Amino acid sequence: MELDDDFVISVSDLSIVYRGRAKKLIGRGKIREVKALNKISFHIKKGELVAVLGKNGSGKTTLLGAIGGYFRPESGTVNTRGRVYTLKGANPGLVPHLSPRENIRMMSQIYGVSNQEREEFEKQVEEFCDLGEAYDRDFSSLSTGMAGRVGFGFTTSLTPEILLMDETLGVGDVEFRKKAEKKAMEFMEKGETILLSTHSLNLAKTMCQRGLVLDKGELVFDGPSEDAVDYYLKEIIK
Amino acid sequence: MDTRSITNAACIDTLFDKKKSIILDLRIANFIVKKRNLAIMKSFRLGAIWNMLDPLLHSLIYLFVFTVIRYNSHPGNLMIGIALIRGLQQNLIYGASSNLDFTAGLKIERVRSRAIVLSELFYVVQTSFYLSFGTVLVLLLLDASYWVIPLMPLFCILNGLVWYSFGRVLSPIVQTLPDFKKIVTYFGMMMFYGSPALYPLSMTRGIHRQINLYNPFAFISEPARYMAFGSDSHRLLDPFVGVIIFTIATFSLVFGLYMIDKQRWRWSTWN
């Protein structure tokens with residue numbers, strides 16, 4: 001399916017099935033199947049900030065992974081327009097044996113930061129991380145919170161057209177969350193698109209215009225974020 | 001603007017700036033290889049120097065065992081065999097199991113298969129080059145021809161690519177049946193004694209020689225020995241068989257690398 005000019009993400013009849021084979025001494029073990037997403041369809045316009053809500057195991061991470069190109073659909077299609085970056089967990093692939101400073105220098109090259117922009121980019125990430133002397137220690141020696149700052153600071157300082165965020169704003173201390181929210185808002189103000197998977201209903205209401213609610217791999221609600229939160233509380237959590 | 005279309009068949013990127021994307025993929029491939037090296041070497045004080053020291057010391061131990069303890073009249077021939085057999089074992093096993101960690105943990109953006117293919121090639125070439133570095137030094141001490149300086153790295157790289165290619169063809173089996181990796185490892189061990197590594201091809205007899213006349217290893221080790229010391233065991237080999245073997249290896253390499261994209265897509269929802 002071709003992507004309509006208005007949309008940057010188009011998901012049509014998307015189904016994802018995870019498979020695993022039971023171990024057996026002789027012969028082929030039985031295949032176990034888990035349907036993670038079932039015939040999901042929606043479209044997202046450029047500049048929209050969309051929350052994805054749902055209980056654990058509802059398919060939020062799988063949906064973001066499928067849009068990011070990490071999972072093979074069983075059926076259906078996903079079309080995206082623009083560079084799609086995913087922000088998930090504390091470490092986006094940084095090298096444990098190098099300092100955040102060395103990591104940012106190396107990683108910025110592979111994500112296309114030009115030589116002219118690099119100095120400013122590195123300064124911006126360092127300021128966001130605010131790690132003091134720890135910025136020159138091995139990445140592996142940082143606490144999870146500190147590592148999260150580096151991962152978040154780096155990814156959001158890049159310029160993806162679509163950013164998929166998986167629970168990342170919910171981690172870290174209060175100060176970090178405030179900074180992270182501010183950074184995400186700045187990102188959105190640039191007119192880029194964010195899909196945010198979260199358990200924080202307040203965050204979904206305040207930051208996002210639109211909400212998708214997933215339940216057992218099905219898209220059960222798609223509408224304004226406040227209504228999505230209400231639906232989630234009334235129909236899913238009960 | 002770049003676009004991406006994801007279906008059951010494939011994840012296809014249509015890139016706006018093709019030239020820039022090739023440069024970025026080369027950088028990603030370089031990063032993947034660098035990260036692998038750092039993971040192994042950074043905890044040691046000598047760091048990356050161990051990349052060269054490891055194969056050198058390993059070969060020297062074997063050289064000592066097979067020349068001093070078990071008398072061998074030609075330590076130079078032995079050194080070539082040991083270096084190449086180490087390349088065989090390393091790359092065969094690496095090729096068979098490499099689809100377990102293709103992207104070295106990069107999570108921000110889906111790593112394009114082209115970058116993975118490049119990283120695989122860089123890694124094999126790099127490890128083979130390191131292997132040849134110490135070997136050349138020892139061979140020069142053992143009065144080898146100066147031709148070993150430019151040619152031994154090429155023999156080691158060719159050897160690495162040939163066995164990596166066979167490993168890659170076996171990788172879908174290892175993915176489906178992890179136990180098969182053990183069989184590949186034991187096959188590598190058997191090749192250590194069965195192939196003309198500890199002795200030249202001319203010292204083999206009967207069915208042992210017959211089998212080795214079709215062994216890809218012999219088509220690399222014997223010309224390498226000729227190049228270094230002028231040994232004439234390579235005359236036993238049929239050039240026509242050599243052409244067939246290297247044609248199969250080239251096909252395996254191209255096919256194995258081409259299949260990386262399909263394999264990783266197919267396995268993305270298996271656990």
Side-chain angles (χ1 to χ4, degrees), chain A residues 1-3 8 10-11 14-21 23 28 31-34 36 62 65-89 91-98 106-107 109-112 138 140 151 154-155 158 160-162, chain B residues 1-17 20-21 23-32 34-44 47 103-113 115 119 175-179 261-271:
Chain A
M1 187 191 132
E2 285 298 307
L3 194 60
V8 289
S10 178
V11 177
L14 177 70
S15 295
I16 300 263
V17 176
Y18 290 117
R19 292 190 172 83
R21 199 184 286 279
K23 281 181 187 159
R28 306 186 85 179
I31 294 174
R32 295 180 305 261
E33 290 189 349
V34 177
T62 302
I67 296 169
Y70 292 99
F71 301 127
R72 178 196 194 195
E74 185 68 10
S75 61
T77 58
V78 178
N79 288 284
T80 55
R81 180 182 287 124
R83 290 192 81 169
V84 184
Y85 285 0
T86 305
L87 186 52
K88 184 185 175 189
N91 184 357
L94 304 175
V95 184
H97 307 288
L98 297 179
M106 196 153 77
M107 294 272 284
Q109 289 176 10
I110 67 173
Y111 285 102
D138 272 8
S140 59
F154 175 72
T155 311
L158 294 167
E161 280 99 354
I162 299 166
Chain B
M1 193 178 269
D2 298 347
T3 58
R4 178 180 286 158
S5 173
I6 301 167
T7 62
N8 178 270
C11 175
I12 297 168
D13 287 314
T14 309
L15 304 165
F16 174 70
D17 188 344
K20 191 180 173 191
S21 73
I23 293 167
L24 292 182
D25 283 348
L26 279 165
R27 285 183 187 162
I28 290 173
N30 189 33
F31 174 83
I32 292 171
K34 207 182 251 182
K35 191 171 176 182
R36 275 188 202 154
N37 288 336
L38 281 168
I40 302 165
M41 300 301 169
K42 189 69 182 182
S43 51
F44 299 107
T103 60
L106 282 175
K107 290 184 205 156
I108 294 180
E109 190 180 26
R110 183 181 193 265
V111 177
R112 281 185 285 277
S113 296
S119 77
Q175 189 81 48
T176 317
L177 186 68
D179 306 52
D261 186 58
K262 294 200 181 310
Q263 270 175 287
R264 66 191 287 238
W265 196 231
R266 186 177 168 218
W267 288 104
S268 65
T269 49
W270 277 80
N271 48 37

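Predicted, not measured: the structure shown is a model, and the values here were computed from it. In what follows, chains carry the letters A, B, and so on, assigned in the order in which the sequence lines appear, proteins first and then strands, with residues in each chain numbered from 1.
- Summarising the geometry of B/Glu109 relative to A/Val84, their closest heavy-atom pair is CG-O, 3.5 Å, with the distance given to 0.1 Å.
- Heavy atoms of A/Val17 lying under 4.5 Å from chain B belong exclusively to its backbone.
- Taking both residues in full, the closest heavy atoms of B/Ile108 and A/Met107 are given as CD1-CE, 4.3 Å, listed atom of the first, atom of the second, then distance.
- Note that CG of B/Asn30 is 8.5 Å distant from CE of A/Met106, once rounded to the nearest 0.5 Å.
- Taken to the nearest 0.5 Å, the OG1 atom of B/Thr269 stands 9.5 Å off from the CD atom of A/Glu33.
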Kindly indicate, with the supporting measurements, whether the criterion side chain to side chain contact (heavy atoms under 4.5 Å, CB included) is fulfilled by A/Tyr70 and B/Ile6.
-> CA-CA 10 Å; A/Tyr70 292 99; B/Ile6 301 167; over 6 Å; no

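- Here the shortest heavy-atom pairing between A/Tyr111 and B/Leu106 reads OH-CD2, 3.8 Å.
- Here the closest heavy-atom approach between residue B/Trp265 and residue A/Phe71 is recorded as CH2-O, 3.2 Å.
- For B/Thr176, the part lying near chain A is the side chain, with the backbone staying farther off; criterion is any non-hydrogen pair under 4.5 Å.
- Side-chain atoms of B/Asn8 never come within 3.5 Å of backbone atoms of A/Ser75 as a donor-acceptor pair (strictly under, hydrogens ignored).
- Of the atoms belonging to B/Arg264, not a single heavy atom falls under 4.5 Å from chain A.
- Although no hydrogens or angles enter the test, the distance criterion places no donor-acceptor pair under 3.5 Å between the side chain of B/Lys107 and the main chain of A/Thr86.
- Looking at A/Ala36, there are no atoms closer than 4.5 Å to chain B (heavy atoms on both sides), in backbone or side chain.
- Residue A/Ile110 holds its CD1 atom at 8.0 Å from CD1 of B/Ile32, rounded to the nearest 0.5 Å.
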Worked check of side chain to side chain contact (heavy atoms under 4.5 Å, CB included) between A/Val95 and B/Lys34 = CA-CA 9 Å; A/Val95 184; B/Lys34 207 182 251 182; over 6 Å; no

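- Side chain of B/Arg4 to backbone of A/Gly68: a donor-acceptor contact under 3.5 angstrom is found.
- Heavy atoms of A/Leu98 lying under 4.5 Å from chain B belong exclusively to its side chain.
- Residues B/Ser268 and A/Arg72 come closest through the heavy atom pair OG-N, 2.9 Å.
- A/Ile16 touches chain B through its side chain: at least one heavy atom from C-beta onward sits under 4.5 Å away, while N, CA, C and O do not.
- The two residues A/Arg83 and B/Leu24 come nearest to each other via the heavy atoms NH1-CD1, 3.9 Å.
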